[in-house]
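Only heavy atoms go into these numbers, but all of them, side chains included; no hydrogens, no water, no symmetry mates.
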Amino acid sequence: MNSQLQNNAKMIRTRFAPSPTGFLHIGGARTALFNWLLAKRHGGEFLLRIEDTDRARSTQAAIDAILDGLSWMGLSWTGDAISQFERAGRHAEVAYALLEAGHAFKCYCTPDEVQALRDEAFAAGRALRSPWRDRDPADAPDDTPFTVRFKAPDTDVVLEDAVQGRVRWAAKEFDDLILLRSDGNPTYNLAVVVDDHDMDITHIVRGDDHLVNAGRQSQIYDAMGWERPVFAHVPLIHGQDGKKLSKRHGALGAEAYRDMGYLPEGLRNYLLRLGWSHGDQELFSDAEAIAAFDLAGLNKAPARMDMDKLNHINGHHLSLADDKRLVELVTPFLDGLEDRIPEADITQERLLAAMPVLKTRAATLEELAGQSYFLLKPRPFRIEGKAAKPLKDDEARARLYRLFTHLGDLDAWTDGALSDALKEFAEAEQVGFGKIGQPLRAALTGGAPAPDLALVMTFLGRDEALARIKDQMTPAASA
């Protein structure tokens, strides 16, 4: 185990700690994935903590959305999700332990006094220092609200980060941090440290927007005499313009990618490569990702969201997916089609027969539904626009009648036999294959996307294929 995996006597324990104020953002999904993979790689545990201390913004709907998003992505966690809010008593206990040890103090400054002190400190280029940090507690006014502040050391803070390297903050950069507000509620940095310590978290992988928090949190770890976890702060995901991914770029939650037809394994693979690398390898199975993942592969430069690459990777996983599973997954996307055959058993039969071919022609389930539509068109269907052009002249329809007779005489209805029959018919008619193929494709698919014609007829089956051809033959030719 390398130097980044310290605490080698302990089980590796990672965590994902979202705030339940909305859906599972794609950046949060990547953070969860990295922590999940690190735990899996080393036979450890991946835990989930809901940081719901902001009661005004935390909602059960948001919690449910996060749990649903993680479950859909296949990122299972150990045990029950932990509520940070429910641990407020423990957070206060640690704050008073710091107070008892002289690492914290009660501050009786009013909000106006704090603002004046902050303005003065800013002008002097230093951090806020409360006048109460060194005053005798006996001087405290009676019945006056107070906060509990951390007594920031007058020494630099040094952090060895697995991604950012050695990071140093001068002592003057950190205020006397509030640990408990005047109403007794704990602040974020205290709660996080206490929870991570009590949960035996050994490694924290998160966005680099938390890097300064790691400096403040390290001070609390040190004051309590607790071992710091390994920190790994990953650059945030950027849009194509190089700026931080935001709603302006169309930043979405995990459930939106599910609704657009991406597979969880495809999204996992894409997010894995969005800020982590393993040589030039781009495509990973879960087993390969778990075996290869390490902190050394995390990149220091921001990654950019690339939908084309996501489609490429998802298409790869779509082509490998189980056919029966894909039939189930694509069905909701088919429900949105304007018209389709109502018989579920025929739908399932045709989709399952065609899936080995169709799944190689699509990048998403939505595209797969489009590729499947020709199988489900109820007959007789109208052919309009450009798709109808090959059937407009009488000779094309008459030739379609002769092809109908030729195909009807076949003993074997397989793609090989059908492919040979089409070539033989074109030779007998003394025309190029296009004169056969274009009107036949129009009759069979109505202009919908479809694979090779012999495969189309195989997937439709003899009766359906011949019936579709017959629908487009001229009355004179069929008489």
Side-chain angles (χ1 to χ4, degrees), residues 14-40 45-54 57-85 195 199 201 204-207 209-210 234 236-239 244-247 249-276 284 286 289-290 293 303 305-307 309-311 313-314 317-318 321 325-326 328-330 332-333 363-366:
T14 65
R15 51 74 160 178
F16 178 52
S19 298
T21 55
F23 50 69
L24 177 61
H25 186 272
I26 198 67
R30 184 189 66 162
T31 296
L33 173 67
F34 286 168
N35 283 283
W36 182 81
L37 286 171
L38 183 61
K40 288 287 185 182
E45 294 180 341
F46 170 65
L47 287 79
L48 176 62
R49 183 174 71 238
I50 304 298
E51 298 194 334
D52 52 355
T53 53
D54 186 343
R57 299 179 62 207
S58 299
T59 67
Q60 187 58 48
I63 294 174
D64 292 342
I66 290 169
L67 299 182
D68 182 56
L70 289 173
S71 297
W72 173 74
M73 286 195 65
L75 304 181
S76 57
W77 55 92
T78 300
D80 295 330
I82 294 171
S83 165
Q84 189 171 70
F85 173 74
D195 290 345
M199 292 166 67
I201 299 301
I204 297 174
V205 184
R206 59 188 179 185
D209 53 333
H210 284 284
V234 185
L236 301 180
I237 301 172
H238 286 192
K244 179 183 173 183
L245 195 65
S246 65
K247 291 181 180 179
H249 298 94
L252 303 169
E255 77 282 357
Y257 290 90
R258 176 192 61 198
D259 295 343
M260 288 189 291
Y262 292 97
L263 298 179
E265 59 266 38
L267 190 57
R268 286 196 300 269
N269 188 163
Y270 176 69
L271 292 178
L272 170 69
R273 291 289 288 109
L274 205 60
W276 177 86
F284 290 82
D286 284 338
I290 290 169
F293 188 81
M305 197 73 184
D306 185 337
M307 295 303 293
K309 182 172 287 188
L310 172 57
N311 287 337
I313 291 175
N314 195 71
H317 287 279
L318 198 70
R325 175 187 171 218
L326 289 179
E328 293 177 0
L329 291 176
V330 80
F333 292 88
T364 67
L365 293 169
E366 187 173 40

For the pair [X] (side chain) and [Y] (backbone), establish whether a donor and an acceptor sit closer than 3.5 Å, ignoring hydrogens and angles.
| X | Y | answer |
| --- | --- | --- |
| N269 | N314 | no |
| N311 | T364 | no |
| R15 | I204 | no |
| T14 | N35 | yes |

Ignoring hydrogens, what is the shortest heavy-atom contact between [X] and [Y]? Give both atom names and the distance.
| X | Y | answer |
| --- | --- | --- |
| M199 | R49 | SD-NH1, 3.2 Å |
| T31 | R206 | CG2-CA, 4.0 Å |
| G27 | H25 | N-ND1, 2.8 Å |
| A65 | F23 | CB-CA, 4.3 Å |
| F46 | L75 | CE2-O, 4.1 Å |
| F34 | G275 | CZ-C, 4.4 Å |

Walk me through it: do I201 and E45 pass the test side chain to side chain contact (heavy atoms under 4.5 Å, CB included)? CA-CA 9 Å; I201 299 301; E45 294 180 341; over 6 Å; no

Qualifying salt bridge (charged side-chain N to carboxylate O under 4.0 Å, His left out) pairs, either residue in residues 16-29, two or more places apart: none

Please check if the distance between the ring centroids of F284 and W276 is under 6.0 Å. yes

Applying side chain to side chain contact (heavy atoms under 4.5 Å, CB included), name anything that partners L274, two or more places apart in sequence or on another chain. R30, I237, Y270, L271, A303, M305

Let me see the working for Y257 and L310 under side chain to side chain contact (heavy atoms under 4.5 Å, CB included), right down to the final yes or no. CA-CA 10 Å; Y257 290 90; L310 172 57; 3.9 Å; yes

Are [X] and [Y] close enough that some pair of their side-chain heavy atoms sits under 4.5 Å apart?
| X | Y | answer |
| --- | --- | --- |
| P20 | I66 | yes |
| T78 | L48 | no |
| I313 | L267 | no |
| I82 | D195 | no |
| L326 | L318 | yes |

May I ask you to say whether R273 pairs ionically with D306, meaning some side-chain N is under 4.0 Å from a carboxylate O? no

Is R325 salt-bridged to E265, going by a charged N under 4.0 Å from an acidic O? yes

Approximate separation, where rounding is to 0.5 Å, of [X] [atom1] and [Y] [atom2]:
| X | Y | atom1 | atom2 | value |
| --- | --- | --- | --- | --- |
| S83 | I63 | OG | CD1 | 7.0 Å |
| L70 | L33 | CG | CG | 10.5 Å |
| Y262 | M73 | OH | CE | 13.5 Å |
| L67 | L24 | CG | CG | 9.5 Å |
| F16 | I50 | CZ | CD1 | 8.0 Å |
| K40 | L37 | NZ | CG | 9.5 Å |

Test salt bridge (Lys or Arg N to Asp or Glu O under 4.0 Å) applied to R258 and D68, step by step: CA-CA 11 Å; R258 176 192 61 198; D68 182 56; 3.0 Å; yes

Atom CD of E255 with >12 non-hydrogen neighbours under 6.0 angstrom: yes

Holding to side-chain hydrogen bond (donor to acceptor under 3.5 Å, both in side chains), I want the full list of residues that pass it with S71, two or more places apart in sequence or in another chain. none

Ignoring hydrogens and geometry beyond distance, is a side-chain donor-acceptor pair present between Q60 and D64 at under 3.5 Å? yes

